[in-house]
Amino acid sequence: MANTQAMCTSFLGEVFTATHNFGVAPTRGTTAADTFKAALYLTSATLNASTTVYSATGEVSGTGYTAGGVTVTNATVPASSNTSTTAGTAYWTPSASITYTTVTLTTAFDTVFIYNSSQSNKAVSVHTFGSQTITAGTFTLTMPANTTAAALLRIATT
């Protein structure tokens, strides 16, 4: 068993049905963005492109950590770029780092799973990093720049 970094396959299809709203989407009759969450997973878990929904199976547990993870700060509107000389890219990055404050997680973890808690906990993406443990500290995942080359989520055409 191992976690594999990937944009979840179910998410890719759901983009075309407007299931996920990272910004303002009047097509769904609301002007509010959905709520996205970030949960941490053990190195022994198995999350990958075929993950379709949040599950507590394999999620970390410990002092100060709440099952389901933390809410992702979503003040960045999705962006896109497309010119006649380059491939088109849609992209989005959370507007703040993802932070777990005053936690003790003594079993090794290496994955953050992003999911849409407003839409039945549907999967968005799996992101892996080096194996970690933490004792009575703050664990922060620093977000990349919100650009076509570096954003956390990128969908590109060729």
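These numbers come from the heavy atoms of this one structure, side chains and all, not from hydrogens, waters or symmetry mates. Given the structure is predicted, the values throughout are model-derived calculations rather than measurements.
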Are [X] and [Y] packed together at the side-chain level, in the sense that at least one heavy-atom pair is separated by less than 4.5 angstrom?
X	Y	result
I155	M7	yes
T73	F36	no
S95	N74	no
L152	H127	yes

| Which pair of non-hydrogen atoms, one from Y91 and one from A151, has the smallest distance, and what is that distance? |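 Nearest pair, atom of Y91 first, then A151: CB-CB, 3.6 Å.
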| Using a distance-only test with no angle check, is there a side-chain donor-acceptor pair under 3.5 angstrom linking T111 and N3? |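 N3 and T111 do have a side-chain donor-acceptor pair below 3.5 Å.
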| query | Side-chain donor-acceptor pair under 3.5 Å between T57 and S55, yes or no? | reply |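 The answer is yes; a qualifying pair exists.
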| query | Which side chain to side chain donor-acceptor pair (under 3.5 Å) pairs, counting each pair once, include a residue from residues 147-156, with sequence neighbours left out? | reply |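 Residue pairs with at least one partner in residues 147-156: there are none.
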| What's the verdict on side-chain contact (heavy atoms from CB on, under 4.5 Å) for L40 and L105, showing C-alpha distance, side-chain angles and the deciding distance? | CA-CA 10 Å; L40 296 172; L105 304 170; 3.9 Å; yes
| If you look only at pairs with a residue in residues 62-77, which of them pass as a salt bridge (charged side-chain N to carboxylate O under 4.0 Å, His left out), with sequence neighbours excluded? |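 Qualifying pairs: none.
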| query | Given L47 and V126, is the side-chain contact (heavy atoms from CB on, under 4.5 Å) satisfied, shown in steps? | reply | CA-CA 7 Å; L47 278 74; V126 177; 4.0 Å; yes
Applying side-chain hydrogen bond (donor to acceptor under 3.5 Å, both in side chains), can you list everything that pairs with [X], at least two apart in sequence or on another chain?
X	result
T89	none
T102	none
T128	Q5
T93	N146

From [X] [atom1] over to [Y] [atom2], what is the distance, rounded to the nearest 0.5 angstrom?
X	Y	atom1	atom2	value
C8	N116	SG	CG	12.0 Å
L153	I114	CG	CD1	7.5 Å
M143	W92	CE	CH2	8.5 Å
F109	F129	CZ	CZ	5.5 Å

If you look only at distance, which donor and acceptor atoms sit under 3.5 Å apart when one is on a side chain in residues 134-142 and the other is two or more places apart or in another chain?
none

| query | Do F113 and F11 share a hydrophobic cluster, counting only Ile, Leu, Val, Met, Phe, Trp and Tyr and linking them when any side-chain heavy atoms are less than 4.5 Å apart? | reply |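 Result: no, two separate clusters.
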With sequence neighbours excluded, tell me which residues meet side chain to side chain contact (heavy atoms under 4.5 Å, CB included) with [X].
X	result
A56	Y54, E59
S131	T43, A108
S117	T35, K37, Y115, N121
T52	S10

| request: Return the set of residues passing salt bridge (charged side-chain N to carboxylate O under 4.0 Å, His left out) with K122 (not counting sequence neighbours), or none when no residue passes. | output: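 Checked K122 against salt bridge (charged side-chain N to carboxylate O under 4.0 Å, His left out); matches are E14.
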| query | When you look at V70 and I98, which way does the side-chain contact (heavy atoms from CB on, under 4.5 Å) test go after all the steps? | reply | CA-CA 8 Å; V70 297; I98 298 171; 3.7 Å; yes
